[in-house]
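In the text below, chain A, chain B and the rest are named by the order of the sequence lines, each starting its count at 1.
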2 protein chains.
Amino acid sequence: MTSTEPGHAPAAVPAPPPSEAPAEVPDPARAGMRPTKQRRAVAVALAREDAFASAQQIHERLSREGEQVGLATVYRTLSALADAGEVDMMRTEGGEAIYRSCSPTHHHHLVCRSCGRTVEVEGPAVERWTTAIAEQHGYAEVSHTLEIFGTCPECR
Amino acid sequence: MTSTEPGHAPAAVPAPPPSEAPAEVPDPARAGMRPTKQRRAVAVALAREDAFASAQQIHERLSREGEQVGLATVYRTLSALADAGEVDMMRTEGGEAIYRSCSPTHHHHLVCRSCGRTVEVEGPAVERWTTAIAEQHGYAEVSHTLEIFGTCPECR
DNA sequence: GCCGGATTGACAACGATTCTCAGATATCTG
DNA sequence: CAGATATCTGAGAATCGTTGTCAATCCGGC
């Protein structure tokens, strides 16, 4: 679960977030896709990212690390993983699609609008509220999107 | 970008019960822009729409009705009105920007994923929750986005 | 009416994403 | 393990929404 973050980290580095998140690696196979070398590379790269990343960023990172994966493949893989629910996708204010490897349970994100550091949060009450409101207006098959933005402690 | 609205003066008329009331026409002047014929045309067209509409749709509609307004102007106008808070903007799943003339108070949308029919909804509890969660994690200057999707009564 | 800055519109330019298609691979079958 | 076959990949072209460019035009104040 999402533990309360240690209020104030010691020597904090403001700019680039320390990429060292032990997130679980998305599994192409679990998404019904052939687990090829490229797809695995994308999955691993995404798992190492602790903030949302765009297809281009993942591609760039892979290239920098020597992994040769075509940009189109990165796009296809991320999109497929997202469709399969293996990763979460959201859009930047500019409309760009960004992805992140997350826990499989339903949750929302608290994102730092400066460095992108993300915390997964849950709100059962909100879930209930959205469903209730929707049904109250006669809407069925309810779903919703909810993101919270703010400036994280390190970026202030 | 519709962010958390700061406390409003107690005077004003309390927002009417969330229903499909005819939206008021966005005012370019109020947004600090010259009220030209084209801008007014865009504003009126948007006000007549009872669902979110894209720049292209507005442009097409205007053309169909004889109003000659350049596509670039439609884009510029909608974008400016959105920045000024005169209209609400959100993104389709495909990343396309869509706009709608809404009440000026902070609210969220319940959108029919089939016909686009939209209902404005309010949830004070949700507002409080997002702020609380964010601060609990040390995030400041909190804002959020929340949309509810479903199939409306007419589309079932 | 006249002037200068704001606005417009046709079209080029852009960036993100998708498509195309030949060649490389993974998986299955025997 | 070999062969057949469906899937996947990659490079570049093609899309698509959106923004930039810039001369012509318009709006509002004087």
| message | Tell me whether A/Thr151 contacts the main-chain N or O of A/Cys155 through its side chain, where contact means a donor paired with an acceptor under 3.5 Å. | response | no
| said: Of the options C/dT25, C/dC11, D/dG12, whose atoms approach the side-chain atoms of B/Ala72 most closely? | reply: C/dC11
| query | Among the nucleotides C/dT7, C/dT17, D/dT18, which one has an atom lying closest to any side-chain atom of B/Ala97? | reply | D/dT18
| Roughly, in whole Å, what's the span from NE2 in A/His59 to P in D/dT9? | 13 Å
| field | Phosphate OP1/OP2 of C/dA16: any A/Gln56 side-chain N/O under 4.0 Å | value | yes
| request: With DNA chain D as reference, determine whether B/Glu96 or B/Gln38 sits nearer its 5' end, using the nearest nucleotide of each. | output: B/Glu96
| Base C/dG9 paired with B/Arg76 side chain (donor-acceptor, <3.5 Å) | yes
| task | Find which nucleotide of DNA chain D each of B/Lys37 and A/Thr73 is nearest to by heavy atoms, and output the residue with the more 5' nucleotide. | result | A/Thr73
| Can a side chain N or O of A/Tyr75 be found less than 4.0 Å away from OP1 or OP2 on C/dT18? | no
| message | Whole angstroms only, please: what is the CZ-C1' distance between B/Arg40 and C/dT7? | response | 13 Å
| task | State, with a plain yes or no, whether a side-chain heavy atom of B/Arg117 is found less than 4.5 Å away from one of B/Asp50. | result | yes
| For the pair made of CG in B/Leu62 and P in C/dG9, what is the distance, rounded to whole Å? | 10 Å
| When the distance from CZ of B/Arg91 to P of D/dG17 is rounded to whole Å, what number comes out? | 12 Å
| request: Whole angstrom is fine here: how far is it from CG in B/Asp83 over to C1' in D/dT18? | output: 14 Å
| query | Under 4.5 Å between any side-chain heavy atoms of B/Leu46 and B/Val87, yes or no? | reply | yes
| Any B/Arg39 side-chain N or O less than 4.0 Å from OP1/OP2 of C/dT7 | yes
| request: Write down the distance between CG (B/Leu71) and P (D/dG17), rounded to a whole number of angstrom. | output: 10 Å
| Does B/Cys152 reach the side chain of B/Ser114, with side-chain heavy atoms less than 4.5 Å apart? | no
| Spacing of B/Leu78 atom CG relative to D/dG17 atom P, expressed in whole Å | 15 Å
| remark: Atom OH of A/Tyr99 and atom C1' of C/dA16 are separated, to the nearest Å, by 11 Å
| task | Look at A/Thr36 and C/dT25 and indicate whether a side-chain polar atom (N or O) is within less than 4.0 Å of OP1 or OP2. | result | no
| message | Given 3.5 Å as the limit, does a donor-acceptor pair link the side chain of A/Gln57 with the main chain of A/Ser54, or not? | response | yes
